[in-house]
Amino acid sequence: MLRKWAIMRTSGIVVATCGLVMAAITPATASTSHQIVEHADGNIAGEVWFNSGNHAKHSTSQPKNGFNSFTIKDTFCGDGWGVGVEWQLSDEVFTHRSTTDCEPVEVTYETGQATTIVTEFNWRPFMWDVTGQYDTVYGAWQSDWMGSNSTEGDTDLFTRTSVHNDRLKYDDEGSPHTFTATMWPTVHARLAGPLAVRAMWRDLQERTPLPSVLTADQRESMYKQLFCHAMYGKHPELGGDTWEIESARPNISWQRVLRGEGKCNW
């Protein structure tokens, strides 16, 4: 299948400047995966977080982190090592790193790599000697999913759709993997409401397919959430500009769905 690359904004936003030898470690709570890289003595040289797709904005805790973005933080200023990230996607290798030691202390970098299919990939943090005397040191590999994005398609129901990983927000050990699909409904979709749910469900999966790892029970729950949003989300002021359906939510009865339980976020 051909995959069309959606062009997303690439940013390198400095969010802090170096002032202390060891920067305070603050978790990037919107992230879907995280890893550190250490000096031989066990001191943490840096940390990297990945924010799958629209997860950072959806979680509301770190919306500045952007779409499919890495947050790279140097936690040990003055050690002579910079911090970066390496990732492998579709048989290609990419990197992004600081300019030098603690310049900047923390940066958020949007990859710009969203296809119409949510794609699993691997990444790892690294520390590099700014003098070039020593070999690069890598942290452990992590797996995550590059969120999908579509702003095209022959549909009058959505202006945009996206699917992203929600691993750290919901998953417990042994639980099914979880994802969130986000839709930007048109006026037509809001007016059509439940009558167009089957068409909405089809359009969502044609534009940005749900991953095959989802169970039948998870898919049924997501369909019911979409029905609920379509029924009660006729006005943006009632439910926001987007509709989110999350595979982590339980598959409740249709009676509870029709009551609009939990404002469709049961």
Side-chain angles (χ1 to χ4, degrees), residues 1-9 51-59 63 66-69 89-90 110-120 145-166 177-249 251 254 257-258 260 263-266:
M1 180 182 295
L2 293 177
R3 297 183 181 179
K4 184 168 183 178
W5 291 93
I7 304 301
M8 304 295 292
R9 179 176 59 85
N51 312 283
S52 175
N54 206 47
H55 182 273
K57 183 175 181 180
H58 178 54
S59 70
F67 194 94
N68 281 336
S69 65
L89 178 67
S90 300
E110 292 187 17
T111 67
Q113 295 170 316
T115 70
T116 56
I117 300 175
V118 60
T119 305
E120 192 170 15
W145 296 73
M146 198 69 70
S148 61
N149 184 65
S150 174
T151 56
E152 300 180 7
D154 184 18
T155 175
D156 57 357
L157 297 172
F158 304 122
T159 59
R160 178 185 175 192
T161 59
S162 177
V163 178
H164 66 261
N165 174 32
D166 251 341
H177 212 98
T178 58
F179 294 84
T180 291
T182 304
M183 292 147 283
W184 285 256
T186 63
V187 172
H188 174 71
R190 292 183 185 275
L191 292 177
L195 295 177
V197 169
R198 288 187 179 180
M200 293 179 192
W201 184 248
R202 181 190 66 243
D203 284 2
L204 167 65
Q205 296 183 85
E206 288 179 351
R207 292 169 59 122
T208 47
L210 298 174
S212 60
V213 296
L214 292 180
T215 66
D217 197 58
Q218 288 175 315
R219 290 172 182 270
E220 185 174 343
S221 172
M222 296 177 80
Y223 182 86
K224 289 176 178 177
Q225 292 169 60
L226 177 58
F227 185 95
C228 187
H229 283 301
M231 174 172 285
Y232 294 102
K234 292 186 180 296
H235 303 286
E237 58 268 22
L238 298 180
D241 295 331
T242 60
W243 294 343
E244 280 83 25
I245 56 176
E246 304 168 19
S247 68
R249 299 195 182 279
N251 186 12
W254 274 107
V257 173
L258 294 174
K263 296 182 179 179
C264 304
N265 295 316
W266 50 77

Reference residue Pro209; test side chain to side chain contact (heavy atoms under 4.5 Å, CB included); the match among Val163, Ile117, Leu204:
Ile117
Using distance alone, with no hydrogens and no angle criterion, decide if Asp166 and His55 have a side-chain donor and acceptor under 3.5 Å apart.
yes
Steps toward side-chain contact (heavy atoms from CB on, under 4.5 Å) verdict (Phe179, Ser148)
CA-CA 11 Å; Phe179 294 84; Ser148 61; over 6 Å; no
Output for pair (Arg207 CZ, Thr151 OG1), nearest 0.5 Å, gives 7.5 Å
Show, in sequence, the C-alpha distance, side-chain angles and deciding distance for Thr119 and Leu89, and conclude whether the side-chain contact (heavy atoms from CB on, under 4.5 Å) test is met.
CA-CA 8 Å; Thr119 305; Leu89 178 67; 3.9 Å; yes
Are the side chain of Gln225 and the backbone of Glu246 linked by a donor-acceptor contact shorter than 3.5 Å?
yes
Nearest heavy-atom neighbours spanning His235 and Arg190:
C-NH1, 3.9 Å
For Gln218, is there any backbone N or O sitting under 3.5 Å from a side-chain donor or acceptor partner on Ser247?
no
Residue pair Asp203 / Thr155, side-chain donor-acceptor N/O under 3.5 Å
yes
Do His164 and Asn51 have side chains that approach each other closer than 4.5 Å (heavy atoms only, starting at C-beta)?
no
How long is the span from the OG1 atom in Thr178 to the CG atom in Asn165, to the nearest 0.5 Å?
6.5 Å
Search all heavy atoms of Val257 against all heavy atoms of Tyr232 and return the closest pair with its distance.
O-CE1, 4.2 Å
Taking everything shown except Arg202 itself, do over 12 heavy atoms lie less than 6.0 Å from its CZ?
yes
Mind running side-chain contact (heavy atoms from CB on, under 4.5 Å) on Leu214 and Met222 for me, showing each step along the way?
CA-CA 10 Å; Leu214 292 180; Met222 296 177 80; 3.9 Å; yes
Of all heavy-atom pairs between Ala230 and Trp243, which one has the smallest distance, and what is that distance?
CA-CH2, 3.8 Å
Indicate the atoms forming the closest heavy-atom contact of Trp145 with Glu120, along with that distance.
CE3-N, 3.5 Å
I'd like to know if the side chain of Asn68 reaches the main chain of Gly147, judged simply by a donor and an acceptor atom lying under 3.5 Å from each other, with no hydrogens or angles considered.
yes
The test is side-chain contact (heavy atoms from CB on, under 4.5 Å); show your working for Asn265 and His229 and say whether it passes.
CA-CA 9 Å; Asn265 295 316; His229 283 301; 4.3 Å; yes
Between the OG1 atom in Thr182 and the CD1 atom in Ile245, the distance rounded to the nearest 0.5 Å is 8.5 Å
For the residue pair Pro185 and Phe158, what are the closest heavy atoms and their distance?
CA-CD2, 3.8 Å
Just so I know, are the side chains of Leu210 and Trp201 near enough to count as touching, which here means a heavy-atom distance under 4.5 Å?
yes
For residues Thr111 and Met146, report the shortest heavy-atom separation together with the two atoms involved.
OG1-SD, 3.6 Å
For Thr208 and Ser150, test the side chains for any donor-to-acceptor distance below 3.5 angstrom and give the result as yes or no.
no
Please identify which of these residues, Thr159, Leu226, Leu157, meets the side chain to side chain contact (heavy atoms under 4.5 Å, CB included) condition with Met183.
Leu226
